[in-house]
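Every value quoted in this text rests on a predicted model; they were computed, and no experiment measured them.
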Amino acid sequence: MAQQHTTSLRLRLRYRFDHLVSGGTTALIGWLALACLAVVVPASMVLVWSDRAAPATLSGRLAAVWVSVGQTLKIGGAVGSPLYVLASVSLALVALLFVSTLVSLITTGINRRIMSLRLGHSTVLETRHTVVLGWSDQVFPVIGELMAANANQRRSAVAVLAPQDKVWMEDEISTRVSDSGRTRIICRNGSTTDPTELCRVSPRTAKAVLVLPPTGDTGDAHVVKTLLALDAAVPGFGDGEAVVVAAVRDSRNHMTARLAAGPTGHVLCVDDIVARLLVSTARQPGLSLVYSELLDFEGDELYAVAAGGLVGRMFGEALMSFATSSAVGLLHTDGSVTLNPDPGAAIGPADRIIVISQDDDTAVRADVTSHVEEDAIVTAGPRTAQAERLLLLGWNRRAPLVIEQLDQYVSPGTTLDVVALGEYAATRGARSVTAERSHLEVSFHDGDITDPRTLAKLDVPSYDSVIVIGETELAAPACGSASDTPVASLAPVPDPEARADDRTLVTLLHLRAVAEAAQRELALTTEMSDDGNRLLAPARDGADFIVSGRLISLLMTQISQSPYLAAVFEELFTAEGHEFHLKPAADYVRAGSEVSFATAVESARRRRECAVGYRLRARRATGPDFGVRINPDKRQRVRFLEGDWLIVLAES
């Protein structure tokens, strides 16, 4: 026997309504008219029959009902001959149709305009604003730093153009970036490589334009096309006062991007800068904290201030002429920069002094020569360089640059073991490292750095320094294959940089277990792409991380606010020239004695170096500064112990 099908009254009514709506506009209007009449006519009859002043005759009451219905439905309700009533109703219906159509057109136009505004197709009408072209994870630290830089300005604006939904971009920025304060964030939808759409953010009236490199293998090509589109949208843009700052990932595309940016544009190469910092930090643990402190806008930064009364005097005198600022170089009239000049170099009449200071108005002259304690200054001989054992875990296109940089700094006889999975270690790695090396001996080994068995075979604690880099070119292993790794069961990640960070986190987890088992702290330097992943890293507080995305964002923001810093950073992040070092404080002042920081500055000056801060070993694992103090008051007294470091700007 067939089961009886029962349906509730609610479902049957809903089905009837759906069928009614699907009948089209004509049927819907007809049924709507009948529904209105079914409600209005009975209600009008109730009103008339319940009215004490209603006509006594039936025809009079029916006429009153007609008048009420006509007024309710806006069709007049006139009474008279049938022809008169018909004409009146016809005119009322025509008027109703006209008014309804007009209201519909106005509503549609307003909705279209609102949707256009929500899509972000309108033109930004701002002047002296900052334009950010492109969308990636770097947009959040860039906007955050721009807001910090503009905190003391009455009104400022940042316009973002990207091929993303405007509302979605605004929601992402409000979620990932803290309160914008006085800075207004304006998002516009459009292609950064289309000159017409690029004009939506008014680059002609901007004070700075930042071109962010998108993720992926074609990111550098997109940056070049954006720079060309900017020149097409605003011919001669780079020749004006506005600053153009861009970044490319691959060093092979650096020169192409510089040509597209024009003679006054600034293009940063992510690979070169990250490789340089990885090597410098691996050799001097804690150096990444120094650069983080200098590059963000929350602490002390680099400024160029007028020489004033120091014109014609020697640069060595400038070192002792600021109590709360640290002089590190000179900015000349032609835009060139000299870092750590000879103490006997004269300061020209148009030169500006580059200082590390809390703000550009805090570099106040105050002679601190009287605070120097001669009896606390020591003269230590040069330390004998020794051969080291270094370990590089992972492989990507920056690895050859890291090896090349290491060879320029290490002592003869230093060995480097490179461990990576499959062809990247034994084949591609050996082919890519073709330059002759004079100091470094490199050995390649096949192994999965996320496998604890691989790390156990290496005897990691026996190495003087360990560098972990992201394996961005590593293909995901097939499920169930013999090469499955501990992260192979994770959900596939389309972004190679995100997958590389995932593998790095697993590697760090095993390295922490190795260090705990050996009861020894590893000298570890780690490269990551996303600053959010750094917060998840299983590493000790104050560990050295080179987060490429955040690092480049900070550099771009600093240059956009002070273009002369491009020359400063170019020297700091190249093999030639001067850079920051962490050197034993006991080589400058007497260990165990409490001395003024001016004494350390004077001791460094006699070595043709600029002392800008220190790091205390006892506080190296204590936040938020992890023992790093940049630009202390030179009158402040500090006790340096064995194992403490002095932060100096010196020749590489």
Side-chain angles (χ1 to χ4, degrees), residues 132-134 136-138 141-142 208-228 230 238 243-281 287-288 291 294-295 337 339 395-409 432-433 435 467 469-470 472-473 496-497 500 527-529 546-560 563-580 652:
V132 178
L133 302 178
S136 66
D137 287 338
Q138 289 182 234
V142 163
V209 177
L210 280 66
V211 183
L212 303 183
T215 56
D217 296 334
T218 61
D220 288 357
H222 191 85
V223 170
V224 173
K225 292 175 66 177
T226 299
L227 292 170
L228 294 175
L230 182 62
V243 182
V244 181
V245 189
V248 293
R249 300 181 185 276
D250 197 329
S251 58
R252 295 170 296 183
N253 301 321
H254 190 201
M255 182 56 66
T256 304
R258 292 185 66 175
L259 292 174
T264 59
H266 307 287
V267 180
L268 303 176
C269 181
V270 178
D271 285 359
D272 289 342
I273 295 174
V274 172
R276 170 73 166 171
L277 269 184
L278 280 172
V279 171
S280 298
T281 304
L287 194 60
S288 65
Y291 280 104
L294 287 174
L295 293 179
V337 168
L339 291 182
W395 189 266
N396 57 32
R397 66 172 183 268
R398 285 185 284 273
L401 298 175
V402 171
I403 296 175
E404 179 183 341
Q405 293 277 345
L406 278 172
D407 185 62
Q408 299 181 35
Y409 292 103
S432 59
V433 184
I467 304 175
I469 61 176
T472 54
E473 301 176 10
E497 292 185 350
E527 173 203 15
M528 278 191 165
S529 299
I546 308 300
V547 185
S548 57
R550 177 170 174 78
L551 172 64
I552 299 302
S553 299
L554 295 177
L555 289 172
M556 294 179 70
T557 309
Q558 288 277 355
I559 295 173
S560 70
Y564 63 86
L565 290 179
V568 174
F569 297 143
E570 184 175 359
E571 181 168 352
L572 289 176
F573 296 115
T574 54
E576 300 79 16
H578 297 78
E579 63 177 336
F580 289 105
S652 302

If you apply the rule side-chain contact (heavy atoms from CB on, under 4.5 Å), what do you find for Val279 with Gln408, and how did you get there? CA-CA 10 Å; Val279 171; Gln408 299 181 35; over 6 Å; no
Report the C-alpha distance between Leu230 and Val244 in whole Å, list the side-chain angles of each, state the deciding distance to 0.1 Å, and finish with yes or no for side-chain contact (heavy atoms from CB on, under 4.5 Å). CA-CA 10 Å; Leu230 182 62; Val244 181; 4.2 Å; yes
How far apart are the C-alpha atoms of Asp272 and Leu401, what are their side-chain angles, what is the distance that settles it, and do they pass the side-chain contact (heavy atoms from CB on, under 4.5 Å) test? CA-CA 7 Å; Asp272 289 342; Leu401 298 175; 3.4 Å; yes
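Across all their heavy atoms, Pro141 and Arg550 have their closest contact at CB-NH1, 4.1 Å. Ser553 and Val142 make their closest contact through CB-CG2, 3.6 Å (heavy atoms, listed as atom of the first residue, atom of the second, distance). Heavy-atom minimum distance, Thr281 versus Ser288: OG1-N, 3.7 Å. When all heavy atoms of Pro214 and Ser136 are compared, the pair lying nearest together is CA-CB, 4.4 Å. Shown here for Gly549 and Gln138, the closest heavy-atom pair between the two residues is O-CG, 3.6 Å. Of all the heavy atoms in Val223 and Pro213, the pair that sits closest is CG2-CA, 3.6 Å.
A side chain to side chain contact (heavy atoms under 4.5 Å, CB included) with Val209 holds for exactly one of Val243, Leu133, Val132; it is Leu133. Of the options Ile273, Val274, Leu278, a side chain to side chain contact (heavy atoms under 4.5 Å, CB included) to Ser548 is made by Val274 and by none of the others. Of the options Asn396, Ile467, Val547, a side chain to side chain contact (heavy atoms under 4.5 Å, CB included) to Glu527 is made by Asn396 and by none of the others. When each of Arg249, Arg252, Lys225 is paired with Asp220, the side chain to side chain contact (heavy atoms under 4.5 Å, CB included) condition holds for Arg249 and for no other.
Between Leu268 and Ile559 the shortest side-chain heavy-atom distance falls below 4.5 Å. Contact annotation: the side chain of Asp407 never approaches that of Ile403 to less than 4.5 Å [non-hydrogen atoms, C-beta and beyond]. Residues Leu295 and Leu555 have side chains in contact (heavy-atom distance under 4.5 Å, counting atoms from C-beta outward).
Taking CD1 of Ile469 as the reference point, atom CD1 of Ile546 lies at 12.5 Å (rounded to 0.5 Å). Taking CG of Leu210 as the start and OG1 of Thr557 as the end, the distance is 6.0 Å to the nearest 0.5 Å. With rounding to the nearest 0.5 angstrom, the OG1 atom of Thr226 is 9.5 Å from the CG atom of Leu212. Residue Met528 holds its CE atom at 15.0 Å from CG of Leu551, rounded to the nearest 0.5 Å. Rounding to the nearest 0.5 Å places OG1 of Thr574 at 9.0 Å from CD of Glu579.
Ring planes of Tyr291 and Phe573: tilted class, angle from 30 to 60°.
Between Arg398 and Asp271 there is a salt bridge, with a side-chain nitrogen of the basic residue lying less than 4.0 Å from a carboxylate oxygen of the acidic one.
Between the Ser280 side chain and the Leu277 main chain, no donor and acceptor come within less than 3.5 Å of each other. Judged by distance alone, the side chain of His578 and the main-chain N or O of Glu571 form no donor-acceptor pair under 3.5 Å.
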